[in-house]
Amino acid sequence: MKKTALVVAFCLFVSFLISAAVAQEKPSPSANLALTPPMGWNSWNKFACNVSEDMIKGMADAVVKSGMKDAGYVYVNIDDCWQVSRDANASIVVDPQRFPHGMKAVGDYIHSLGLKFGVYSDAGSKTCAGRPGGLGHEYQDAVQYAAWGVDYLKYDWCHASTQDAKASYANIRAALDASGRPIVLSICEWGTAKPWLWGQEVGGNLWRTTGDINDRWGGKQKWPDGSCCSNGVLAILDQQVGLQSYAGPGHWNDPDMLEVGNGGMTDIEYRTHFSLWAILAAPLIAGNDLRNMRPEIHDILTNKEVIAVDQDPLGREGERVAKNGDLEVWAKQMKDGSRAIILLNRGESEQEITANWEDLGYPKTLSASVRDLWEHKDLGKVTAKFSSRVAPHAVVMVTVKP
Ligand code: GLA
């Protein structure tokens, strides 16, 4: 009898310990966000401060009508300049001219289309466009964002250079989580404090690895005020080398938003830009006017075979596996054991580029099926290597499946 009572008491004690531990480990509402790289649209690259309720709603309509939603694009994100001041309670004030019905109305509209809603703020006292930032108001703003139905916050780094980056982003993540709403956190710190080293630990879902992208093919370019630098596609690409091990489901390197369709590059270059972002498992955040897209631009942004490389559930970021001057091979391991491959010609004349199996981690003797993701064509089985002629500034993008 006595023994039974002891056993019962012991069992009760153990179940008490287990339930206490479970209660303490209340999961963050943001766990399991962005298990594949986020896809959507953002206002900055095309519209800068020229944002408004009508434009954003029109863009959300266009995400659906253009087939972008079907291709996987879900976030509609308003970047800088929606905010004008703080009121007597220090609540953030939305520009009443540009957003006459307020942010909740915009969020409700976006949600009614089955899409998700993103906004932008800054870890410092002001945003990059000089609007009020989040410093000192993190918890108050997070409650406000949650009430508007915000699903995604891009948090910039202007007017913040004396702050500790890791602590600042940990603070906004804690504030977002305290709101109770799952919100993707996009760390926009430009790579200065190497956010790939701490971004995941502080609950960031993606972090910019570089300064701003520019709608150009080439290298770095100084800003109009002489400070350094905005980056063409190749300059951004080169800054991703070596960062691949930091990315994975829920936490991604972000080489900045897409410029596809904004007019500064050729269609071939835009195809290359999109292909490279996909092999990098980069967030695919379109930055063009989706209401007026040429068919060529539409076909780039909605190429489902290329998007599937970006969104592969294994979550590996691709890497440069071979380089010979202007000729490069990039490869990404996929969940089914296949590899996505890009043959990239950075140069000015057509060249033959070869991907050797050994550079992909495959034995030389392996026979594999090759499929061209832009031509949508099976190219048959090959052994040891795959070679193709590649036009200047172009890619050949294939999957190699054993
Ligand atoms: C910074 C960011 C950009 C954009 C602007 C807005 O430059 O890196 O992506 O958000 O601020 O002012």
Side-chain angles (χ1 to χ4, degrees), residues 24-40 42 75 77 79-80 92 116-128 132-146 150-212 239-240 242-257 280-283 285 315-317:
Q24 266 186 355
E25 273 176 28
K26 199 171 159 217
S28 150
S30 300
N32 298 322
L33 285 176
L35 294 180
T36 58
M39 292 177 66
N42 172 292
Y75 293 100
N77 296 348
D79 208 278
D80 209 345
I92 193 82
K116 295 188 176 210
F117 176 38
V119 293
Y120 159 103
S121 186
D122 188 290
S125 55
K126 287 184 193 166
T127 71
C128 293
L135 184 62
H137 301 284
E138 292 85 357
Y139 282 77
Q140 186 176 6
D141 286 350
V143 168
Q144 180 68 88
Y145 299 153
V150 166
D151 304 295
Y152 184 116
L153 176 68
K154 174 176 167 184
Y155 217 51
D156 214 338
W157 192 240
C158 276
H159 304 277
S161 55
T162 57
Q163 294 172 218
D164 179 76
K166 183 177 173 185
S168 300
Y169 285 99
N171 197 22
I172 188 64
R173 167 47 82 203
L176 293 175
D177 283 356
S179 80
R181 187 172 173 88
I183 298 179
V184 168
L185 175 60
S186 157
I187 295 176
C188 181
E189 187 268 355
W190 321 313
T192 316
K194 299 189 169 69
W196 46 88
L197 297 177
W198 47 262
Q200 183 186 5
E201 190 189 328
V202 303
N205 299 107
L206 57 156
W207 46 81
R208 282 272 298 278
T209 52
T210 69
D212 286 8
Q239 293 172 79
Q240 311 314 307
L243 301 186
Q244 62 275 0
S245 62
Y246 299 104
H251 51 97
W252 308 100
N253 289 311
D254 174 9
D256 206 357
M257 304 173 293
L280 288 168
I285 308 291
R316 284 284 171 87
E317 177 173 328

Modelled atom types, side-chain donor and acceptor of Asn253 and Gln240, under 3.5 Å: no
Sequence neighbours excluded - salt bridge (Lys or Arg N to Asp or Glu O under 4.0 Å) pairs with any residue from residues 164-187: Asp151-Arg181, Lys166-Glu201, Arg173-Asp177
Donor on one side chain, acceptor on other, Gln239 and Thr210, under 3.5 Å: no
Note, Pro37 side chain near Leu206 side chain (heavy atom, < 4.5 Å): no
Considering all heavy atoms, the nearest Pro29-Gly180 contact: CB-O, 3.9 Å
Approximate separation, where rounding is to 0.5 Å, of Ile183 CD1 and Leu176 CG: 5.0 Å
Closest non-hydrogen atom pair, Pro255 against Pro283: CD-CD, 4.2 Å
Distance in Å, Gln163 CD paired with Ser125 OG, rounded so as to fall on 0.5 Å steps: 7.5 Å
Rounded distance [0.5 Å steps], CZ in Arg316 versus OG in Ser245: 10.5 Å
pair Tyr145-Phe117: side-chain heavy atoms closer than 4.5 Å: no
Minimum side-chain heavy-atom gap Ser30-Leu185 below 4.5 Å: no
Residue pair Glu317 / Trp252, side-chain heavy-atom distance below 4.5 Å: no
Contacts of Asp254 that satisfy salt bridge (Lys or Arg N to Asp or Glu O under 4.0 Å) - sequence neighbours left out: none
Close side-chain approach of Asn42 and Lys154, heavy atoms under 4.5 Å: yes
By side-chain contact (heavy atoms from CB on, under 4.5 Å) - contacts of Thr127 (at least two apart): Asp80, Gln83, Tyr120, Asp122, Ala129, Arg131
Separation between CG of Asp141 and CD1 of Ile172, rounded to the nearest 0.5 Å: 6.5 Å
For Asp256, all residues meeting salt bridge (Lys or Arg N to Asp or Glu O under 4.0 Å), sequence neighbours excluded: Arg208
Intermediate values then yes/no, side chain to side chain contact (heavy atoms under 4.5 Å, CB included), Leu153 and Val119: CA-CA 5 Å; Leu153 176 68; Val119 293; 3.9 Å; yes
CA sep, side-chain torsions, deciding dist, call: His159, Leu135, side chain to side chain contact (heavy atoms under 4.5 Å, CB included): CA-CA 10 Å; His159 304 277; Leu135 184 62; over 6 Å; no
Taking every non-hydrogen atom, the tightest pair across Tyr139 and Ala175: CE2-CA, 3.5 Å
Asp79 vs Met257 side-chain heavy atoms within contact, under 4.5 Å: yes
Side chain proximity check, Ser168 to Tyr155, heavy atoms < 4.5 angstrom: no
Pairing residues for Gln200 by the side-chain contact (heavy atoms from CB on, under 4.5 Å) criterion, not counting sequence neighbours: Trp207, His251
Check: Gln144 side chain, Ala142 main-chain N or O, donor-acceptor pair, under 3.5 Å: no
Point-to-point distance, once rounded to the nearest 0.5 Å, from SG of Cys188 to OH of Tyr169: 6.5 Å
Value rounded to 0.5 Å, distance of CD1 in Ile187 from CH2 in Trp198: 5.0 Å
Tyr246 side chain near Lys194 side chain, heavy-atom distance below 4.5 Å: no
Partner set under ring-ring contact (aromatic ring centres under 6.0 Å, His included) for Tyr152, not counting sequence neighbours: Tyr75
